[in-house]
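Letters go in sequence order (proteins before strands), and every chain restarts at 1.
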Amino acid sequence: MSFELLMLAAADGFSYAGLLFLVSLGLTLIFGVQGILNVAHGSLYAFGGYTAATLAIWAAEKQAPTWVLLAALVLAALVVGVILGGILEIGLLRRVQDKDPVLQLLVTFAAFLIFEDLQRLIWGVSPYSSTEVVSRLGNFDIFGITYTAYQLLLIPAVAFGVYLGLLFALRRTRLGKQIIAVTHHREVATALGINARKIGLIAFIMGAFLGALGGALAAPTTSLVPGVGTDMIVLSFSVVATAGLGQITGALITALLIGLARSVAVYTVPELEVAVPYLIMVAVLLVRPNGLFTVAQARRI
Amino acid sequence: MDALIRTEGLSLSFGGVVAADNIDFRLDVGERLAVIGQNGAGKTTFINICTGFLKPTRGRVWFDGKDVTGMEPRHIVRFGLGRSFQLPQLFLDHTVRQCLEISAAARQGRLSFFKPLAQSVNRREIEHTLELVSLRERGSELASSLPEGQRKLLDVAMALMLNPKLLIMDEPTSGVASEDKHDLMATLMRALDERKVTSWFVEHDVDIVSRYATRVAAWIAGKVAADGPPAEVLASAAVRREILGTA
Amino acid sequence: MARLFDIRILTIAGSLLCLILGLAFPWSKTPIIVGLCFGIATLGVAAMVRAGQVSFGHAMYACIAGYTVAFLARAWPQLDGLLLILAGVGASLFAGAIVGVFVVRYRGIFFGMLNLAISMVLYSVIGKFYAITGGTDGLRINRPTLLGIEFERAGFETVLLVGTLLAAIGLGILVQRYFQSASGEALAGIKTNETRLEYLGLSARRVLWDGYLFSAGLVGLSGALFALVQGLVTPDIGSWLRSGEFVFIAILGGSGHAIGAFLGAAVFELVKLFAAAYMTGIWQMLLGITLIVVILVAPEGIVGLLMKKSALATPRRKSPWGTRREENKWTP
Ligand SMILES: Nc1ncnc2c1ncn2[C@@H]1O[C@H](COP(=O)(O)OP(=O)(O)OP(=O)(O)O)[C@@H](O)[C@H]1O
Ligand SMILES: [Mg+2]
């Protein structure tokens with residue numbers, strides 16, 4: 001592998017890790033607060049992507065300025081996060097809150113099945129993409145390779161910004177502290193007068209927004225096809241599981257690891273591209289069953 | 001006397017809390033030990049370490065002459081140790097009778113694959129044990145339908161079903177109505193005598209302790225503060241001050 | 001005994017219906033065999049559900065068995081169909097034994113998603129190695145002999161129909177016996193209390209591994225039969241959607257009794273035929289909506305409803321989902 005290829009792989013992986021991190025962050029946040037692994041999270045990614053592409057194509061046709069194109073991506077994620085996230089949480093998850101965890105998992109799986117077809121009905125099966133904003137932001141040279149600023153600067157910057165913002169919000173704001181309280185001890189938090197339902201809804205919508213944002217930011221650089229949601233849910237799960245459920249900083253590091261490993265595979269053993277993230281997860285879980293960054297706790301009997 | 005269980009320098013802390021502080025302890029065959037101590041003194045933790053549920057940071061445990069330090073509970077259980085829990089650990093989706101049948105089947109070592117459970121165990125023995133803990137009428141009901149007191153009994157019965165050499169019971173009478181406690185203990189002790197099982201139970205009720213134990217050990221802050229005949233231990237100054245609150 | 005009697009009648013009636021339909025309308029043979037295959041696979045998935053675990057990747061065992069059949073049949077065309085099936089089951093058992101050692105260490109979400117991840121690796125690898133696997137076009141399988149006899153297409157299908165039906169009945173009985181054996185009841189104990197299992201001297205992982213091996217073999221058998229009746233294997237046989245369909249049928253039919261797998265599969269096949277005719281393109285949506293309705297309205301599935309209806313039957317379990325695993329979260 002030449003140095004240039006290595007740099008290309010690194011750039012690909014870095015950018016991809018940004019997207020992966022955003023989606024995984026949403027998944028892990030929802031898990032932390034609600035105790036539910038939302039299988040439909042992949043659909044939020046897909047819907048975010050398709051909605052963003054639709055908006056961006058429309059805006060590009062109208063010759064909108066670059067900032068409008070970028071705003072359209074975020075707007076798409078917001079719309080999807082609030083509407084679909086709200087529907088999922090209020091319409092479905094609340095109804096199974098006291099049921100067996102397996103049934104909760106299955107309900108989100110059912111939602112995923114529904115969303116998959118819905119997405120096909122709305123956007124069809126032919127590939128969808130809008131690359132206008134990428135070409136507007138232009139390319140730049142680094143270490144002998146040329147890469148798009150959108151992928152190498154914007155996406156990682158957004159991902160890192162979201163990471164810092166979330167950490168700050170969780171530690172310093174009232175809402176953030178309430179979220180943490182509910183995460184650690186739902187009953188105690190409720191006893192302290194925190195409206196755990198409301199916090200759950202807010203956190204769910206935040207998580208849904210992050211999933212959709214990942215899709216929206218991916219839209220200008222990939223072509224969306226049916227099935228992207230499936231790949232993304234399993235991939236983001238492997239990030240979250242490798243890091244340890246509920247681990248935010250862990251998810252950042254793991255997303256980087258998996259993103260980079262995957263793009264190195266793309267350039268060296270393309271047959272294994274899909275398998276690499278899972279191989280990493282399996283390897284980690286063999287050694288640390290709770291993930292890299294979780295400290296195991298004994299159950300009290 | 002042979003030591004059935006013996007520990008040396010057993011220690012474990014949770015964060016800052018020292019739950020087991022360098023404990024040397026032994027229990028001989030035929031004894032009936034009552035363990036007393038305030039909430040959080042480390043009684044359950046000590047049982048958890050001895051039975052392999054928790055690993056000590058320091059020290060060793062021998063059961064029936066074998067070093068079992070760091071072993072999984074299932075291996076120690078196979079050497080002849082039975083345990084009931086402070087929070088009953090039942091198969092809540094199974095019937096009361098099935099819970100005992102699973103215990104009886106487990107005792108045989110290999111679980112059969114195609115023989116119905118009820119036919120792979122000794123029917124009479126199951127009914128006898130159900131009778132013993134007065135659960136015969138509820139045998140066909142789900143374990144989840146039992147009130148707390150009866151769950152405790154079923155929990156003990158499941159451990160008893162293994163025919164252990166040593167039975168450890170973590171607060172067998174908590175959750176049982178106070179007027180029934182004595183009946184329950186009397187029955188349990190009769191069953192244990194009948195089977196020649198050495199026993200060790202955690203208990204808060206002084207009456208019960210002095211009536212049914214042959215020896216009492218008092219736990220204070222992760223240490224065995226007093227250990228000996230019931231009358232002696234219950235009268236000791238530290239126990240009266242720290243545990244009974246009568247001094 | 002009254003309940004057993006009901007189930008016997010149900011089994012006999014269902015079997016006769018399969019035979020009569022299959023012989024009267026030859027086009028229906030394939031869907032009936034496929035339905036039975038789904039039922040057999042679901043028997044395996046239902047065993048996992050009884051242990052409180054759902055796997056989103058079990059179709060990988062159908063895939064392994066199906067491709068084993070295809071590879072062998074192409075390499076040695078003279079091999080008998082029965083041998084091919086046995087080899088397919090053997091391969092899935094072998095894979096299940098190895099994967100099982102790893103996945104039985106996990107519960108809940110981890111169990112479900114790890115199975116999914118492993119199946120997705122298999123799926124993508126099969127799709128990528130075109131030269132060996134035929135990629136997404138799959139591999140054709142020529143009709144093999146059955147018990148040494150060569151059959152025309154119609155005869156072959158009839159023999160497969162009868163054979164699959166017999167296998168389904170036999171396995172249904174066998175699996176039900178397993179559910180009620182010491183091992184099967186301990187498996188159900190994994191759902192409610194692993195701590196107790198350990199303190200009975202049992203290894204929860206071992207108990208789950210036994211069940212996992214069963215389930216892999218059953219799904220494998222369904223895959224081998226499926227490959228033979230279709231005369232073709234494609235990676236779709238091991239897709240996540242197929243795994244999801246097995247879980248769907250297990251929940252729909254209910255895991256309270258082995259017959260639930262076949263009741264669920266029957267309803268599933270009917271809905272599929274209906275959807276293929278009148279509602280193309282929203283199959284998954286239909287599945288999703290039905291799943292939600294079943295979970296909210298009848299979480300014990302069809303079997304649960306039947307048991308409730310027949311006053312004579314005393315349900316052995318209040319509900320497979322009635323009691324939450326108390327304080328026993330899914331932590332692996
Ligand atoms: N798994 C654990 N993680 C953290 N701390 C623990 C754990 N188990 C026990 N502790 C702590 O160790 C100390 C001893 O607890 P333990 O349960 O052994 O007390 P106990 O004597 O059985 O009390 P009780 O009478 O309430 O049952 C307590 O301070 C408890 O909070
Ligand atoms: Mg205690």
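- Put simply, the side chain of Lys99(A) gets close to the backbone of Ile295(C): a donor and an acceptor are under 3.5 Å apart.
- Of the listed residues Leu118(A), Val274(A), Leu285(A), Leu92(A), the one with more heavy-atom pairs under 4.5 angstrom with chain C than any other is Leu285(A).
- With a 6.0 Å radius and a threshold of 12 heavy atoms from other residues, nucleotides or ligands, Phe293(A) has its CZ atom above the threshold.
- Residues Met113(C) and Leu37(A) have side chains in contact (heavy-atom distance under 4.5 Å, counting atoms from C-beta outward).
- Only the side chain of Tyr199(C) comes within less than 4.5 Å of a heavy atom in chain A; its backbone stays farther off.
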- request: Before giving the answer on side chain to side chain contact (heavy atoms under 4.5 Å, CB included), spell out for Met120(C) and Asp231(A) the whole-Å C-alpha distance, their side-chain angles and the decisive distance to 0.1 Å.
  value: CA-CA 9 Å; Met120(C) 286 191 62; Asp231(A) 292 342; 3.7 Å; yes
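- Looking at Phe56(C), the atoms closer than 4.5 Å to chain A (heavy atoms on both sides) all sit in the side chain, from C-beta outward.
- Contact between Leu286(A) and Arg105(C) at its shortest, heavy atoms only, is O-NH2, 3.0 Å.
- Here the straight-line distance linking atom CH2 of Trp283(C) with atom CG of Asp117(A) works out to 10.5 Å at 0.5 Å rounding.
- The side-chain heavy atoms of Phe110(C) and Leu245(A), taken from C-beta on, include a pair separated by under 4.5 Å.
- Surrounding CZ of Phe129(C) are more than 12 heavy atoms belonging to other residues, nucleotides or ligands, all under 6.0 Å away.
- Going from atom OG of Ser119(C) over to atom OH of Tyr278(A) covers 9.0 Å, rounded to the nearest 0.5 Å.
- Contact annotation for Leu241(C): only side-chain heavy atoms (C-beta onward) come within less than 4.5 Å of a heavy atom of chain A.
- Pro277(A) does not touch chain C: none of its heavy atoms, backbone or side chain, sits under 4.5 Å away.
- Between Ile292(C) and Arg95(A), every side-chain heavy-atom pair lies at or beyond the 4.5 Å cut-off.
- More than 12 heavy atoms of other shown residues, nucleotides or ligands fall within 6.0 angstrom of atom CZ in Arg94(A).
- Ring geometry for Trp240(C) versus Phe112(A): interplanar angle of 30 to 60°, hence tilted.
- Annotation: side chain of Lys128(C) is not in contact with side chain of Leu272(A) (no heavy-atom distance under 4.5 Å).
- Taking both residues in full, the closest heavy atoms of Ala110(A) and Leu291(C) are given as CB-CD2, 3.8 Å, listed atom of the first, atom of the second, then distance.
- Panel note: side chain Arg120(A), backbone Ile282(C); no donor-acceptor pair is recorded below 3.5 Å.
- Counting heavy atoms from C-beta outward, Val96(A) and Leu296(C) have side chains that approach closer than 4.5 Å.
- Val276(A) does not touch chain C: none of its heavy atoms, backbone or side chain, sits under 4.5 Å away.
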task: Could you check Ile109(C) against Phe237(A) for side chain to side chain contact (heavy atoms under 4.5 Å, CB included), going step by step and ending with a plain yes or no?
output: CA-CA 10 Å; Ile109(C) 299 159; Phe237(A) 174 79; 3.5 Å; yes
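- Contacts of Phe248(C) with chain A are absent, with no heavy-atom separation under 4.5 Å from either backbone or side chain.
- Of the listed residues (Gly244(C), Gly127(C), Ala117(C)), the one with the most heavy-atom contacts under 4.5 Å to chain A is Ala117(C).
- Contact of the Gln284(C) side chain with the Ile114(A) side chain is not registered, since no non-hydrogen atoms from C-beta on lie closer than 4.5 Å.
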